[in-house]
Protein chains: 2
Amino acid sequence: MYLCIMYSKELLKGTLKTIVLQLLSDNGRMYGYEITQRVKELSEGELKLTEGALYPTLHKLEADGFLSTEKVKVGGRMRKYYRLTPVGRTDAFRKTNEFRSFTAMMEKVLNIKPRLT
Amino acid sequence: MYLCIMYSKELLKGTLKTIVLQLLSDNGRMYGYEITQRVKELSEGELKLTEGALYPTLHKLEADGFLSTEKVKVGGRMRKYYRLTPVGRTDAFRKTNEFRSFTAMMEKVLNIKPRLT
DNA sequence: AAAGATACATTAGAATCTTATGTATTGGAA
DNA sequence: TTCCAATACATAAGATTCTAATGTATCTTT
């Protein structure tokens, strides 16, 4: 899925769709390369998406009706912009909420206390 | 990996080893079936391990030197108890810490605020 | 006597990722 | 001016990790 500097890669499995959908929810429209850079930036260099994971995921989300695309030529290079469809927006919300519930459940199972930040 | 009632199964990928090691860290020794029941109990019914995921994982953790085993006959039924090796104990600690770091990183990427519980 | 719970295990197939490879343009440094 | 890094897309073989199905056997409850 991604190259991750500090963490066990195993833990990251299954989170890529959630990340992509939430980023698009926050930013309106983004293209693939931009997503890889934004993730690196937000995670402070800890998480680096690989293209081999990202592009197939974007294609699948589009095929499933969660994303719409728009090709734009910038300079001499093509960019393929992705944007949430209404269904995709609903799913972004759902997946992010599920992630919160998931961590809460894991805290119960792992017997670790929620942080007091 | 598991049957999970409420959450997207994708999110759970990669967490099974962490769960198993942490449970053994908390409980000394446990057998496979007991682990499935304890997880169901701790997660309040939200997470149910499947045998097809659990047993291969236990075998792999043993092969990797993280767990030692002990067979005990109780009634007419065999139980195979698992216990952390010193290396396994270190890894349990490491994996649980990594899980915390992982959720912290995901919160940054998903732009969600830590809870104030 | 049958069904559900306890207790182990394996396997085919699906999903998801890693690693490697490929194409092409732009911009900056040597 | 030439070459390398960055930008920007994409695919594909193989590995890993799970799900769902199946199998064996004992104990307990109805």
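Numbered from 1 within each chain, the chains take letters A, B, ... in sequence-line order. What's counted below: heavy atoms across the whole structure, side chains too, no hydrogens, waters or symmetry copies.
Here D/dT16 presents its C1' atom at 14 Å from CG of B/L61, a figure rounded to the nearest Å. One can place NZ of A/K80 at 18 Å from C1' of C/dT25, the figure rounded to the nearest angstrom. In this structure, the CZ atom of B/R79 is 17 Å from the P atom of C/dA5, given to the nearest Å. As a whole-Å value, the separation of B/R77 CZ from D/dT24 C1' is 13 Å. Whole-Å rounding puts the A/L54 CG to D/dC9 C1' distance at 11 Å. Distance CG (B/L16) to P (D/dT16): 16 Å, rounded to an integer number of Å. Distance CD (A/E34) to P (D/dC9): 9 Å, rounded to an integer number of Å. When rounded to the nearest whole Å, the span between CD of B/E51 and C1' of D/dA20 equals 11 Å.
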Output, in order, the C-alpha distance, side-chain angles, deciding distance and verdict of side-chain contact (heavy atoms from CB on, under 4.5 Å) for A/V72 and A/Y31.
CA-CA 10 Å; A/V72 178; A/Y31 55 100; over 6 Å; no
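A/E62 meets the side-chain hydrogen bond (donor to acceptor under 3.5 Å, both in side chains) test with A/T69; sequence neighbours excluded.
The shortest distance between the side-chain N/O atoms of A/Y55 and the OP1/OP2 oxygens of D/dC9 is below 4.0 Å. The shortest distance between the side-chain N/O atoms of A/H59 and the OP1/OP2 oxygens of D/dC9 is not below 4.0 Å. An OP1 or OP2 oxygen of C/dA7 is reached within less than 4.0 angstrom by no side-chain nitrogen or oxygen of B/K71. Between A/Y31 and the phosphate of D/dA8, there is a side-chain N or O to OP1/OP2 separation shorter than 4.0 Å. A close approach under 4.0 Å does not occur between any side-chain nitrogen or oxygen of A/K60 and OP1 or OP2 of C/dT16.
A/T57 places a side-chain N or O within donor-acceptor distance of the main-chain N or O of A/A53, the cut-off being under 3.5 Å.
Closest-nucleotide positions on DNA chain C for B/P56 and A/T57 were compared, and the one nearer the 5' end corresponds to B/P56.
The two residues B/L42 and A/V109 have their closest heavy-atom pair at CD1-O, 3.6 Å.
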Which side-chain N or O atoms in residues 82-89 of chain A pair as donor and acceptor under 3.5 Å with protein atoms at least two apart or in another chain?
from, atom 1, to, atom 2, distance (Å)
A/T85, OG1, A/G65, O, 2.7
A/T85, OG1, A/F66, O, 3.2
A/T85, OG1, A/G88, N, 3.0

